[in-house]
Each structure stands twice: as C-alpha cells, then as structure tokens.
2 protein chains.
Amino acid sequence: MKNVEIRVQDLVDKLRIKDYRITPQRLAILKTLASTRAHPSVEQIFDKVKVDFPTTSIATVYKTVSLLKDMGELIEFSFGEGSNHYDGRSAVPHPHFICTSCRKIEDIDVPDLEMITEKLAEKENYQITAFQLNFYGKCPDCNR
Amino acid sequence: MKNVEIRVQDLVDKLRIKDYRITPQRLAILKTLASTRAHPSVEQIFDKVKVDFPTTSIATVYKTVSLLKDMGELIEFSFGEGSNHYDGRSAVPHPHFICTSCRKIEDIDVPDLEMITEKLAEKENYQITAFQLNFYGKCPDCNR
DNA sequence: GTACTTGCAAACTTTTTGCAAGAAC
DNA sequence: GTTCTTGCAAAAAGTTTGCAAGTAC
C-alpha cells in the first residue's frame, strides 16, 4: 500500500473513531491533503476537490480542514500575506523553505532542531508543544 | 540618548531620505513601535496612538505599518489566528516563544541559528534572506 | 430513523483602497 | 503652492456561522 493511501486510511480511521462521518467530499479532501507536498491553501484544496465534486462548497473545505486541525492531524502555516496553508501529510511540525520569488514551499531538514528545542525548554522552563521554522529567500531556480 | 529615541530618530531619518513626511500620527506610530517588546498588532498600535491622537484612523496605522514593512524596517508575524503582529524595535529577524495560554510573545536566544542557516543555504543552494522561528507552548507562569 | 454533514447565504474579521479635505514641506 | 497624508467609508479578501435540505450510518 502506498504512503498516500496509508495516510488517507489513517485519517478515515481517526474520523470514524470520533464518530465523524466519511462523506465523499471529506474523502476527496483527505486524498488531496495526503497526496500533495505543495502545502495548499483552502482555496487550492477546494479547486482540486471541485474537479470530482463540482457542487462542493468552500465552506465544507473550511469545516473539514478545521476539524482535522482541531484533531491535530494537520499543520497550519501563515505566511505574511493571503490565506493559510496546510500540510496534511504528517502531523509533525517540520521546517520549510519558502521561495519569495516563485512562492514554492519545500520541506527541509535541520538536523539539530530537536536538541535545540530541548535545550531551550530546559533553560527557560518552557513546555514546548510545537514550532514553526521557515526560511525565506530564493530557490536555486529563481536565483539566476 | 536612549535606545528607543535612537530607533525613532533612525526611522524618522530613513523616512525623510525617501521624501516621506513626518506627521504627528506617523511619529506616534514610530514611538509606539520602537518602545514596546510586546509585538503588537495594528489594532494594538492603533489603541496606543489614539490616546494622544483620538482622531487617528486605523487606515493610517495600516498605511504607515505597510510603508515601514516595505522599507524593511519591521518584522511581520502571522500566528495562525487573527491579525498580524509587528516588531519595529529592530529589523533583524529573531526567534520567539509564544505562550498558547496567555498569548505572550517573548524574544528568545538560539545560539546556533546563524550557522544552521549558512549550512542550509550552502547545502541546498538557497539564497536565504530571512527566517521565522517560533516555538509554541506554555510559559513558566501558565505551566502550573 | 437519527444525527451529522452539506451548501448556500449572510455575517464577521482583517486589510486595502478611492477620494476629498487637510497638512508638511 | 505643490505634493503627500489623513480620515472616512466602501470594498476586498479570508474565514466562520446559522439553518434547511440531504446523506451516512
């Protein structure tokens, strides 16, 4: 079974456990979230879901995204401008690089982040539950 | 001369050089930005400015904040909910801790961040111009 | 059949904009 | 006096909500 299908099934199970119903619209939203690395906005999720379900309302997308967010199953990003973006592939926070030229969002690897977080929590007596680390600049493609 | 006054003068000079005019409203906004560590929203800046200039419009605050942002003189934050927040004390990005309970925003120190940024830029061939690093959780006061 | 979900429209929040009157230079 | 800025109100953009009709279970 592919990673995407596993994640969709995972989300379906988690919804069912909480007695939420699996409607075709919701399933389409889950599939969209699980299968993209593009960190889409609600509008972008909506555009994808509309292909299969043209009658879908954007309010439904907002409601489902909000539900998943409350369940801790997706990560929300706010970049200075416009709408929020979401990553539903994994619920674990991770750093990003955002190209200010082409607006592309890439997952990146910052090896020492866990240790840094632990040290900070200990030093300042914080109870840290999440983080947001974004680097902004130009990607190799735009940097010419 | 105090740091706050130096920063206000710095901003005034930079505005004048670009032929922007120093109105009493703008000066009050600059003073508010330079003198708080609270990372206020436009609404909160507006509330402070209104004390001295009750006729000030929130549109004026938006316009001045936007002007300073374009000049690279303040940092904008978007936390998942509500309005953007601003730090006008220094234009240099720096990490924050945000208490999810009392909503307090604190500047923190992450020693290795510069090195991490450099390594990342080199490895991925990014040209990094800014970053945003926020830790979320409970501060010592709320963690009882 | 019951309880939850959808889709629509209206409401709400935050931010931007057009423009006439006013102020900085 | 010229040009920029203000303040107001309207508009725009993003998100939330109430509710009747429809659907998953």
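The chains referred to below are lettered A, B, ... by the order of the sequence lines, with proteins before strands, and numbering in each begins at 1.
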J.: Testing B:Ile75, B:Val42, B:Leu68 for side chain to side chain contact (heavy atoms under 4.5 Å, CB included) with B:Tyr86, which one passes?
T.: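 Exactly one candidate clears the test, B:Val42.
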J.: From CD of A:Glu43 over to P of D:dA12, roughly how many Å is that when rounded to an integer?
T.: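 Rounded to the whole Å, the gap is 16 Å.
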J.: Determine whether a donor-acceptor pair (one donor, one acceptor, N or O, separation below 3.5 Å) exists between the side chain of B:Arg21 and the base of D:dT3.
T.: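 Answer yes: a donor N or O sits under 3.5 Å from an acceptor.
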J.: Taking atom C1' of D:dT23 as reference, at what distance in whole Å does atom CG of A:Leu27 sit?
T.: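 To the nearest whole Å, that distance equals 15 Å.
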J.: Does a nitrogen or oxygen in the side chain of A:Gln25 sit under 4.0 Å from OP1 or OP2 of D:dT23?
T.: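 It does not, given that no N or O in the side chain of A:Gln25 lies less than 4.0 Å from OP1 or OP2 of D:dT23.
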J.: Output the rounded distance in Å from NZ (A:Lys18) to P (D:dA24).
T.: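 Those two atoms, NZ and P, are 23 Å apart.
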J.: With the side chain of A:Ser57 defined as its heavy atoms from C-beta on, choose the nearest nucleotide among C:dC8, D:dG7, D:dC25.
T.: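 Side chain of A:Ser57 sits closest to C:dC8.
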J.: Using atom CZ of B:Phe46 as one end and atom P of C:dT15 as the other, report the distance to the nearest whole Å.
T.: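 Checked: the CZ to P distance equals 13 Å.
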J.: According to a strict under-4.0 Å criterion, is A:Tyr62 in side-chain N/O contact with OP1 or OP2 of D:dT15?
T.: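 Indeed, a polar side-chain atom of A:Tyr62 lies that close.
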J.: Give the intermediate values and the outcome of salt bridge (charged side-chain N to carboxylate O under 4.0 Å, His left out) for residues B:Glu73 and B:Arg7.
T.: CA-CA 10 Å; B:Glu73 292 300 326; B:Arg7 178 65 177 148; 3.1 Å; yes
J.: Which whole-number value in Å describes the distance from A:Gln44 CD to D:dA13 P?
T.: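 Computing the A:Gln44:CD to D:dA13:P distance gives 16 Å.
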J.: Does B:Arg16 come within less than 4.0 Å of B:Asp13, counting only side-chain N to carboxylate O?
T.: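 Between B:Asp13 and B:Arg16 there is no salt bridge, as every charged N stays at least 4.0 Å from the carboxylate O atoms.
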J.: Base, sugar-phosphate, or nothing for A:Ser66, non-hydrogen atoms under 4.0 angstrom?
T.: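 Touches nothing.
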J.: Classify the angle between the aromatic ring planes of B:Phe77 and B:His39 as parallel (below 30°), tilted (30 to 60°) or perpendicular (above 60°).
T.: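 The rings of B:Phe77 and B:His39 stand perpendicular, inter-plane angle above 60°.
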J.: Does D:dC4 have its OP1 or OP2 closer than 4.0 Å to a side-chain nitrogen or oxygen of B:Arg26?
T.: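 No.
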J.: Using OP1 and OP2 only, check whether a side-chain N or O of A:Arg16 sits under 4.0 Å from D:dC25.
T.: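 Looking at the OP1 and OP2 atoms of D:dC25, one of them is under 4.0 Å from a side-chain N or O of A:Arg16.
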J.: What's the closest nucleotide to the side chain of A:Ser83 if the choices are D:dC8, D:dG14, C:dC25?
T.: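 Of all the options, the side chain of A:Ser83 is nearest to D:dG14.
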J.: Please compare A:Ala59 and B:Ala59 by the position of their nearest nucleotide in DNA chain C and report the one closer to 5'.
T.: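 The residue closer to the strand's 5' end, by nearest nucleotide, is A:Ala59.
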J.: Check every strand shown and say whether A:Thr56 touches a base, only sugar-phosphate, or nothing at a heavy-atom separation below 4.0 Å.
T.: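 Here A:Thr56 touches the backbone only, sparing every base.
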J.: Any side-chain N or O of B:Thr23 under 4.0 Å from OP1/OP2 of D:dT5?
T.: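 Looking at the OP1 and OP2 atoms of D:dT5, neither is under 4.0 Å from any side-chain N or O of B:Thr23.
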J.: Whole Å only: how far is the NZ atom of A:Lys63 from the P atom of C:dC8?
T.: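 From A:Lys63 NZ to C:dC8 P: 11 Å.
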J.: Please state how far atom CZ in B:Phe53 lies from atom P in D:dC8, giving the value in whole angstrom units.
T.: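 Result: 15 Å.
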J.: Verify the distance criterion only: is there a donor paired with an acceptor across the side chains of B:Tyr136 and A:Gln127 at less than 3.5 Å?
T.: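 No, A:Gln127 and B:Tyr136 have no side-chain donor paired with an acceptor closer than 3.5 Å.
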J.: Rounded to whole angstroms, how far apart are CG on B:Leu67 and C1' on D:dT6?
T.: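 Result: 14 Å.
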J.: C:dT14, OP1 or OP2 - any side-chain N/O from B:Asn84 closer than 4.0 Å?
T.: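 Answer is no, no contact under 4.0 Å.
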